Amino acid sequence: MEKNGQRCGRLVLLPCPFQGHINPMLQLGTILHSKGFSITIVHTQFNSPNPSNHPNFKFNTIPDGLSAEDISSGDIASLIQKLNVNCKSHLQEYLSQIMIGRQGSHDDIVCIIYDELMYFTEAVANFLKLPTIILRTTSAATLLARTTLAQLRVEGLVSFRDFVSQDLVPNLLPLRFKDLPFPLNRNLENFTQLINDTYKMRTSSSAVIWNTTDCLERSSLACIQQQWEVPNLPIGPMHKLGPASPSSSLLKEDTNCMAWLGKQTKNSVIYVSLGSIASMNEKELAEMAWGLANSQKPFLWVVRPDSSTNGKRNKVLSQFYKETVGERGCIVNWAPQKEVLAHSAVGGFLSHCGWNSTLESICEGIPMICKPCFGDQRVNARYVSHVWKVGLELENELVRCEIEKAITMLMADKEGEAMRERAKNLKEKIELCIKEGGSCNNSLNKLVEIIMSF
Ligand code: UDP
């Protein structure tokens, strides 16, 4: 779509600085670059992506004003609120500078695409008279669950007891109260404010991009489209649409595990990862370690190194443990997850059910054991186990015998086989959506049309 060998303008992309948000935004950048646009990624100092993996993009860092306490607090909602205050003037200054002298050129900024959580962008774009598009990196069902949770909080109809309640949420089947996207620190006040702030922006932007697909979430997407006037464009799973995106991992990937996977038999390995934020206390870590060991199945386990984990990690994953599991276990700090899930040796994924991990697993036809921790992971886990029926959920406290039982069920029982079959069917349906004429592809064409109309 280049005109006379020149790109069709520059898109400024603003990711929210967490791994699960950076990945889809950079994937979107790769897709839109392949459609002829130049890409600039504007990012915070905190969790900044590695530019050398993306030589086709320009990168610009803006100061975020976050303190070490903000970063280590675990209060993600208030960290995001701070970013929305601290980054505004820096973004405005940067964009004003680069716009000077470019009007009408092929490198003119056509539009800003921002993560829904970086909503300060809307005011900056208004000031500079630039159009905006929002990227939502969660499932559509999560948006409906978040707005319901915020509403229940305002009406005083939800409390911390609901964190474990099995009661069904009215009008949100099959979600129970315990599946609602409670935040990590359970501070519902900050959370409600953040939901309201992001929700308001939908009317000012020109479109909303979703990293989801019709064939997984038709009814949730239809329900949202009924309430919103802007076009909703489900172009997910973005990592499968367009050219393969280079890694945007913030931690170094340990690629040795691929050689280990190469030695395992087809569908034999259970892959275990809780994503980039969720973590386990020492007891949970020990239960997981011995659940995996006792399952007698080969396992590839990501245990992230961080200041709170290192001590307990050394204690639990002792020499004795390593000798007990021997070659059957491979433990890494961070894995090339998409390649791992695409490897024929992997037969199951024990996951926290972050939305990216969920999509990546479904796209490879891998059934899941869900161990959600907070936020949208709870909603996704319920959909995996009760809507798409491609996995089972570990509902209670993590204990080794339950983990062992779940692994045996998924990897060796009839029930697990049926889940694998359904996961394969879903994978095939998604492949059709991505092809020319499929719903994801049509939404992508619509997105390009909208951008070209600015
Ligand atoms: N990921 C990875 N290596 C790992 C663990 C995770 O590359 O060892 C990637 C994974 O492929 C996914 C992202 O990190 O794209 C995590 O996003 P997700 O939404 O699943 O969870 P979050 O980290 O946001 O909780």
Side-chain angles (χ1 to χ4, degrees), residues 15-30 47 49-50 53 74 76-77 79-80 115-117 135-142 181-185 210-212 216 236-241 244-258 260-261 269-280 288 299-306 309 313 330-343 346 349-364 366 368-381 383-384 391:
C16 174
F18 289 99
Q19 187 73 72
H21 292 252
I22 292 171
N23 288 3
M25 187 61 97
L26 294 200
Q27 283 154 10
L28 178 64
T30 302
N47 274 350
N50 181 356
N53 291 346
I76 297 175
L79 184 148
I80 289 167
D115 187 294
E116 56 161 327
L117 297 177
L135 170 65
R136 299 195 83 111
T137 62
T138 65
S139 66
T142 289
F182 288 96
L184 179 60
N185 68 348
W210 292 86
N211 189 20
T212 188
L216 289 177
M238 293 200 288
H239 72 286
K240 288 289 184 186
L241 199 63
S245 181
S247 163
S248 43
S249 280
L250 297 169
L251 293 173
K252 191 171 176 324
E253 291 170 352
D254 183 342
T255 48
N256 291 327
C257 60
M258 299 308 291
W260 178 87
L261 277 177
V269 174
I270 177 94
Y271 169 59
V272 186
S273 162
L274 297 188
S276 62
I277 301 176
S279 65
M280 288 183 274
M288 180 66 86
F299 64 88
L300 168 56
W301 184 13
V302 177
V303 186
R304 283 190 330 269
D306 56 48
T309 324
R313 179 190 160 118
C330 177
I331 301 173
V332 294
N333 290 338
W334 192 252
Q337 181 165 302
K338 289 198 287 292
E339 286 100 285
V340 165
L341 288 167
H343 197 287
V346 174
F349 185 9
L350 197 168
S351 170
H352 71 311
C353 292
W355 184 235
N356 294 286
S357 296
T358 304
L359 281 179
E360 289 160 15
S361 199
I362 289 176
C363 282
E364 301 304 337
I366 304 289
M368 301 168 85
I369 297 173
C370 310
K371 183 58 203 162
C373 300
F374 67 93
D376 67 328
Q377 300 157 19
R378 295 161 163 260
V379 180
N380 302 336
Y383 270 69
V384 165

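Computed from a predicted structure; not experimentally measured. Note that ligands are numbered from 1 as they come in the structure, with each ligand's atoms numbered from 1 the same way.
- Applying the 4.0 Å criterion to heavy atoms of Gly20 picks out, from ligand 1, the atoms 17 (O), 24 (O).
- Below 3.5 Å of separation, one finds an N or O of Asn356 facing an N or O of ligand 1.
- For ligand 1, one of its N or O atoms has an N or O atom of Glu360 under 3.5 Å away.
- The protein heavy-atom contact nearest to atom 7 (O) of ligand 1 is Ala335 O, 3.4 Å.
- Looking at Ser248 and Asn23, their side chains do bring a donor and an acceptor atom within 3.5 Å of each other.
- Residue-to-ligand polar distances place Ser357 within reach of ligand 1: an N/O pair is separated by less than 3.5 Å.
- Of the possible donor and acceptor atoms, none in the side chain of Trp301 sits under 3.5 Å from a partner among the backbone N and O of Met288.
- For ligand 1, the atoms sitting less than 4.0 Å from at least one non-hydrogen atom of Ser273 are 5 (C), numbered in the order shown with element in parentheses.
- For Thr30, the side chain to side chain contact (heavy atoms under 4.5 Å, CB included) partners are Phe57, Pro243, Ser245, Pro246, not counting sequence neighbours.
- Protein heavy atom nearest atom 23 (O) of ligand 1, with residue, atom name and distance: Ser276 OG, 2.4 Å.
- Here the heavy atom of the protein found nearest to atom 25 (O) of ligand 1 is His352 NE2, 2.9 Å.
- When only interatomic distances are considered, the shortest N/O to N/O separation between Val302 and ligand 1 does not fall below 3.5 Å.
- The distance from ligand 1 to the heavy atoms of Trp355 drops below 4.0 Å at these ligand atoms: 19 (O).
- Listed for the Asn380 side chain is a donor-acceptor partner under 3.5 Å among the backbone atoms of Cys353.
- Considering each of Asn23, Asn211, Asp376, the one bringing a non-hydrogen atom nearest atom 9 (C) of ligand 1 is Asn23.
- The minimum heavy-atom distance between Pro49 and Leu26, with the atom names listed, is CB-CD1, 4.2 Å.
- Remark: ligand 1 atoms within the under-4.0 Å shell around heavy atoms of Gly354 are 18 (P), 19 (O), 20 (O), 21 (O).
- Only the side chain of Tyr271 comes within 4.0 Å of ligand 1, judged by heavy-atom distances.
- Numbered from 1 in the order shown, with element, the atoms of ligand 1 that lie under 4.0 Å from a heavy atom of Gly275 read 23 (O).
- Checked by atom type and distance alone, the side chain of Arg304 never pairs as donor or acceptor with a backbone atom of Ser273 at under 3.5 Å.
- When hydrogens are left out, the protein atom nearest atom 1 (N) of ligand 1 is Trp334 CZ2, 3.3 Å; that is the closest non-hydrogen contact.
- The side chain to side chain contact (heavy atoms under 4.5 Å, CB included) check on Ser276 picks up Gln19, Trp334, with sequence neighbours excluded.
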